[in-house]
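So you know, we letter chains A, B, ... as the sequences are listed, proteins then strands, and number each from 1.
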Amino acid sequence: MTTRHNAKLAEALESCRPVSPAKPNILKMLLAIQSALGHVPVNTLPQIAQTLGVTEAQVAGVLSYYSDLRTQLPGRHLIRVCMGESCMANHGGRVFRAIQDHVQVAVGEATPENRFTVETMSCAGNCAVSPTVMIDEDLRGRVTPSDVPSLLGPYK
Amino acid sequence: MKTTRLYLANDTSSLAAGAGRLAEVWSKRPEIQLIRTSSRGAFFLEPMVERDGPNGREAWFNVAPDDVSRILEGVGGTPVATIPFLRQQTRFTFANFGVTEPLALDEYQKRGGLKGLAAAQNLSPEAIVEELRLSGLRGRGGAAFPVWKKWQVAQQAQSEQKYVVANADEGDAGTYCDRMIMEGDPFRLIEGMMICARAIGATKGYLYCRYEYPAAAKAMQFAIQKAREADLLDCDDDSFDLEVVVGAGSYVCGEETALLESLEGRRGVVMAKPPYPAESGLYDKPTIVSNVLTFATIPNILANGGAWHGSLGTEGSRGTMALQLGGRVKQPGLVEIPFGMTLRQALEQFGGGMAPGARFKAVQVGGPLGSLFPESQLDIPICYDAFAKAGAILGHGGIVVYDDETNMVELARHFMAFTADESCGKCTPCRVGSVRGREILERIQSGLGTEADLVLLSDLGETMKSASLCALGGRAPYPVLTAIEHFPNEFRGRLKV
Ligand SMILES: Cc1cc2nc3c(=O)[nH]c(=O)nc-3n(C[C@H](O)[C@H](O)[C@H](O)COP(=O)(O)O)c2cc1C
Ligand code: FES
């Protein structure tokens, strides 16, 4: 744990400390922490619970419920492939397999040198320009399996 | 130096199609003044670039950076007014798309914006609800409930605090009109929410936006800030407080009671109704939860009168519907037309048939819980009643076309797996039924299924339909059972002999 990490965590915790009459909001807190640290480290649960005045079980319950909350830090670049119906219909499944073949790692895990993590995502609202692949903040449309190497190349 | 003004959309899908690359290259050229607009929704033509011509805008399609000289010379453009995909639409809610800069409040106002709110301010709350009754507007989020009835309940509820919540979870894959509205015409959504606030007496509003829509959330935050600075959020003596809240990836959080749980920061689990949110919703206060498109439709209704809206469309389906074409059609994009056209017409006239080289197999209407239609059933009119009679839904207007390379057993498995993943776990038919359903389909897929499995799947489907707490479990069997109904040989052919 670096000092920087701790400062960011403290700031996120403070930003969501409930001020009466506002009620504690667990999801908002978890999103704030994820946005600050890139994930929600499980060892922060006691501090979260204490700051919000709720139980650790309640925090853990919310953390496990939402698929976009993560407890592991992803690789330097997060590749998300849409599995929505428009992307499926446009054979996004083939793009997904091409990406997996290219980076050679199981879904949700980081590559050995920590360059990429590959995940599926639900509809990005880019259905008219599908199949959709999102790399970090960049949304790509009309992706074909043969695009994959050049698509991933710039992300070091 | 002479500068030429070029219009380029800043919509997420326009960017994904390549508009961002154009902006990057062209922003370095002093002879180009780049205006970043919303998208017209003709996404198959994106990136599309426009400039002013003698008879309105002219457009260049599927533009690459090198096309710039042609565009600057004015060679080869098409008048926007002649593009069939756009010309054949009836744009009311999406009238500004492709024309204005999303965050320019003055442009919004110049094109008729805020007239609905002004009209509402001259009406009593009861009279606003009466206009909505006349309009025949039904919610566009999926359940198609008459908007006025819901508003009336919240209006008559006695409470010192009431809430307005825009449902911007847009969970149905294949739909994107809410995203377009938030990114492209955010003041229309704010105006609709403010009319609702006035009608029911609410002073606080939330916009619950899905995690996958960061650009939409940002645009709404900017627009709210601008509206606040322009004193637009002041209503009577009170000021309307509006806040954007981002979800965290759960389909069921689009269901209104689960959404409210999530807004309060808990697990987004579905609650039994009654009480309905209009009576007891967020923090147990009367709350209107409506879809983004529903709110965005309301300013025009107040500006033009409920009767105007009530004259569009068909008997039980008044107004226009925003269809969102996706999948293997040739021309995917947003289509706003009055209710009543057949599905076949919509797919041919706007979809332009199939993508090059693809052959039609089936079309799914209404998102991941929507039924599949084969070729032989495309003559169904697009309206709530006809769809209800066919056991189908229009949902939020998503239309996804599948080609003949689609494996129906795999697709059916995908649907059940989706429900199994997304079930909130509150009711047994959905929580357990979806997992059993997925297992049966996996068995069939691996060649170990039997005739009895198909019977079991059908029984299971009936139980889920009738006993689930919400439409997730209740509708999940439809795409699966319609796949089996229309493509029985694909399933039978996989059974163990
Ligand atoms: C599983 C499930 C998911 C839903 N997802 C959405 C959604 O993403 N957006 C939406 O507006 N309504 C969604 N709804 C419908 C809402 O419960 C609610 O009916 C709607 O927000 C009301 O707004 P409206 O009257 O404007 O349609 C969903 C319903 C269910 C059962
Ligand atoms: S289905 Fe993939 S972006 Fe909508």
Next on the checklist: Would the distance check show the side chain of B/Y213 and the main-chain N or O of A/A124 forming a donor-acceptor pair, the cut-off being under 3.5 Å?
Outcome noted: no

Checklist entry - Is it true that a side-chain atom of B/Y283 and a backbone atom of A/K23 form a donor plus acceptor pair closer than 3.5 Å? => result no

Checklist entry - How about A/S122 and B/E422: do any of their side-chain heavy atoms sit closer than 4.5 Å? => result no

Checklist entry - Is there a side-chain contact between B/T12 and A/L139, using heavy atoms and a 4.5 Å cut-off? => result yes

Item to check | Pick from A/G141, A/S130, A/S86, A/C87 with the largest number of heavy-atom pairs that fall under 4.5 Å of chain B | outcome: A/S86

Checklist outcome for this item: CG (A/N126) and CZ (B/F43) are apart, to the nearest 0.5 Å, by 8.0 Å

Checklist entry - Side chain, backbone, both or neither: which part of B/V245 has an atom under 4.5 Å from a heavy atom of chain A? => result neither

Checklist entry - Hey, which of A/C82, A/S64, A/S67 has the most heavy atom pairs under 4.5 Å with chain B? => result A/S67

Checklist entry - Do other residues, nucleotides or ligands put more than 12 heavy atoms under 6.0 Å from A/E137 CD? => result no

Next on the checklist: With a sphere of 6.0 Å drawn around CD of A/Q50, does it hold more than 12 non-hydrogen atoms of other residues, nucleotides or ligands?
Outcome noted: no

Checklist outcome for this item: Scanning both residues in full, the closest heavy-atom pair of A/G84 with B/A173 reads CA-CB, 3.6 Å

Next on the checklist: Any heavy-atom pair between the side chains of B/H414 and A/E85 that's under 4.5 Å?
Outcome noted: yes

Checklist entry - Taking side chain as C-beta onward, heavy atoms only, is B/P332 less than 4.5 Å from A/V129? => result no

Checklist entry - Can you tell me how far the SG atom of A/C123 sits from the OH atom of B/Y176, to the nearest 0.5 Å? => result 9.5 Å

Checklist outcome for this item: In this structure, CE of A/M88 is separated from OG1 of B/T406 (nearest 0.5 Å) by 8.5 Å

Checklist entry - Got a second to check how far A/N90's CG is from B/R328's CZ, nearest 0.5 Å? => result 5.5 Å

Checklist entry - Is it the side chain or the backbone of A/Q58 that comes within 4.5 Å of chain B heavy atoms, both, or neither? => result neither

Item to check | Gap between atom OH of A/Y65 and atom SG of B/C253 - 0.5 Å precision | outcome: 5.5 Å

Next on the checklist: Taking B/L263's backbone N and O only, do any of them form a donor-acceptor pair with A/N25's side chain (distance below 3.5 Å, no angle check)?
Outcome noted: yes

Item to check | Salt-bridge contact B/E243-A/K28 (side-chain N to carboxylate O under 4.0 Å) | outcome: yes

Item to check | Side-chain touch A/I26/B/R267, heavy atoms, less than 4.5 angstrom | outcome: no

Item to check | Per-residue contact mode, B/V252 against chain A (heavy atom under 4.5 angstrom) | outcome: side chain

Checklist entry - Do B/Q324 and A/C127 come close enough that some side-chain heavy atom pair is under 4.5 Å? => result no

Item to check | Engaged part of B/E264 at the chain A interface, taking heavy atoms whose separation is under 4.5 Å | outcome: backbone

Item to check | Minimum heavy-atom distance B/E212-A/D68, with the two atoms named | outcome: OE2-OD2, 3.4 Å

Item to check | Non-hydrogen side-chain atoms of B/F418 and A/M83 separated by less than 4.5 Å | outcome: no

Checklist outcome for this item: CZ of B/F44 to CZ of A/R142, rounded to nearest 0.5 Å, is 10.0 Å

Checklist entry - Between B/C177 and chain A, which part of the residue has a heavy atom less than 4.5 Å away: side chain, backbone, both or neither? => result neither

Next on the checklist: Need one label for B/S14: side chain, backbone, both or neither, based on atoms under 4.5 Å from any heavy atom in chain A.
Outcome noted: neither

Item to check | Pair A/R94 + B/E405: basic N to acidic O under 4.0 Å | outcome: yes

